[in-house]
Amino acid sequence: QVQLVESGGGLVQAGGSLTLSCAASGRTFSSYAIGWFRQAPGRERDFVSAISWSGTDRSYVDSVKGRFTISRDNAKNTVYLQMNSLKPEDTAVYYCAARRETVAWGRAGWSDATFVSWGRGTQVTVSS
């Protein structure tokens, strides 16, 4: 399995931007789809965005569409989440996770139970 490490979190004012990185170890990184999830205090971990192994397919939760952009660089074993126009409700610990896509993109859904490898998370705090 692939090992993942998130970075790039921090404190930012509402309306600001952050770019999160998910760095992977392992020679099979390019065969995995990567997802970003977030967990706010007292809440369940929720899906944010995902990108296919090739980068061709991308999905977003409605609340971040138009503000967040996911991308990947397989040569660097890294996936990025560019977050713009941040809101206080984006405050959470952000996790990246990996899974292999065995069916058409999105058909497996975006439950965190379908992802097999996880990073430890990076804190994002958006002040109002």
Side-chain angles (χ1 to χ4, degrees):
Q1 293 185 352
V2 63
Q3 289 76 46
L4 305 173
V5 178
E6 304 92 339
S7 62
L11 173 64
V12 63
Q13 289 187 333
S17 298
L18 283 174
T19 298
L20 304 184
S21 297
C22 173
S25 61
R27 291 177 291 178
T28 60
F29 170 74
S30 61
S31 65
Y32 285 86
I34 301 295
W36 283 98
F37 291 76
R38 63 187 179 187
Q39 187 168 23
R43 300 191 63 177
E44 294 185 350
R45 187 162 56 188
D46 294 325
F47 171 77
V48 176
S49 181
I51 189 167
S52 62
W53 68 271
S54 65
T56 301
D57 298 299
R58 308 177 189 191
S59 294
Y60 301 91
V61 67
D62 286 347
S63 61
V64 308
K65 285 181 180 177
R67 299 190 298 123
F68 290 12
T69 301
I70 192 170
S71 62
R72 71 189 293 160
D73 185 340
N74 285 340
K76 295 182 178 179
N77 278 13
T78 303
V79 170
Y80 306 96
L81 186 68
Q82 172 69 43
M83 306 186 296
N84 298 326
S85 302
L86 283 161
K87 304 175 181 180
E89 51 264 43
D90 294 318
T91 295
V93 177
Y94 283 70
Y95 301 88
C96 63
R99 76 181 188 189
R100 294 186 187 272
E101 293 297 300
T102 58
V103 296
W105 180 250
R107 289 289 300 275
W110 305 116
S111 166
D112 59 0
T114 65
F115 286 78
V116 298
S117 297
W118 289 84
R120 293 188 175 184
T122 185
Q123 176 71 47
V124 171
T125 303
V126 184
S127 62
S128 57

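Treat the numbers as computed from the prediction; the structure is a model and nothing was measured.
Residues satisfying the salt bridge (Lys or Arg N to Asp or Glu O under 4.0 Å) test with R67, not counting sequence neighbours, are D90. Applying the ring-ring contact (aromatic ring centres under 6.0 Å, His included) criterion to W110, with sequence neighbours excluded, gives F47, W105.
For an aromatic pair to be called close, the ring centres must be under 6.0 Å apart, and F37 with W118 satisfies this.
In terms of hydrophobic clustering, with Ile, Leu, Val, Met, Phe, Trp and Tyr side chains grouped at heavy-atom distances under 4.5 Å, V5 and I51 are assigned to different clusters. Taken together through direct or relayed side-chain contacts under 4.5 Å among Ile, Leu, Val, Met, Phe, Trp and Tyr, F68 and L11 form parts of separate hydrophobic clusters.
A pairwise comparison of heavy atoms in P88 and S128 identifies CG-CB, 3.9 Å as the closest pair. Between R72 and S30, the closest heavy-atom pair is NH2-CA, 4.1 Å. Looking at every heavy atom in both residues, L4 comes nearest to A24 through CD2-CB, 3.6 Å. Between R100 and S31, the shortest heavy-atom contact is NH1-OG, 2.8 Å.
A donor-acceptor pair under 3.5 Å links the side-chain atoms of E6 to the main chain of R120, judged by distance alone. Checking side-chain atoms of S21 against main-chain N and O of Y80 turns up no donor-acceptor pair under 3.5 Å.
No side-chain heavy atom of D46 sits under 4.5 Å from any side-chain heavy atom of V61. Contact annotation: the side chain of C96 never approaches that of V79 to less than 4.5 Å [non-hydrogen atoms, C-beta and beyond]. Within the 4.5 Å cutoff, the side chain of T91 has heavy atoms near those of the Q123 side chain. Counting heavy atoms from C-beta outward, E101 and W53 have side chains that stay 4.5 Å or more apart.
A donor atom on one side chain and an acceptor atom on the other are found under 3.5 Å apart for T19 and Q82.
Under the 6.0 Å distance and 45° angle rule, R99 counts as a cation-pi partner of F115.
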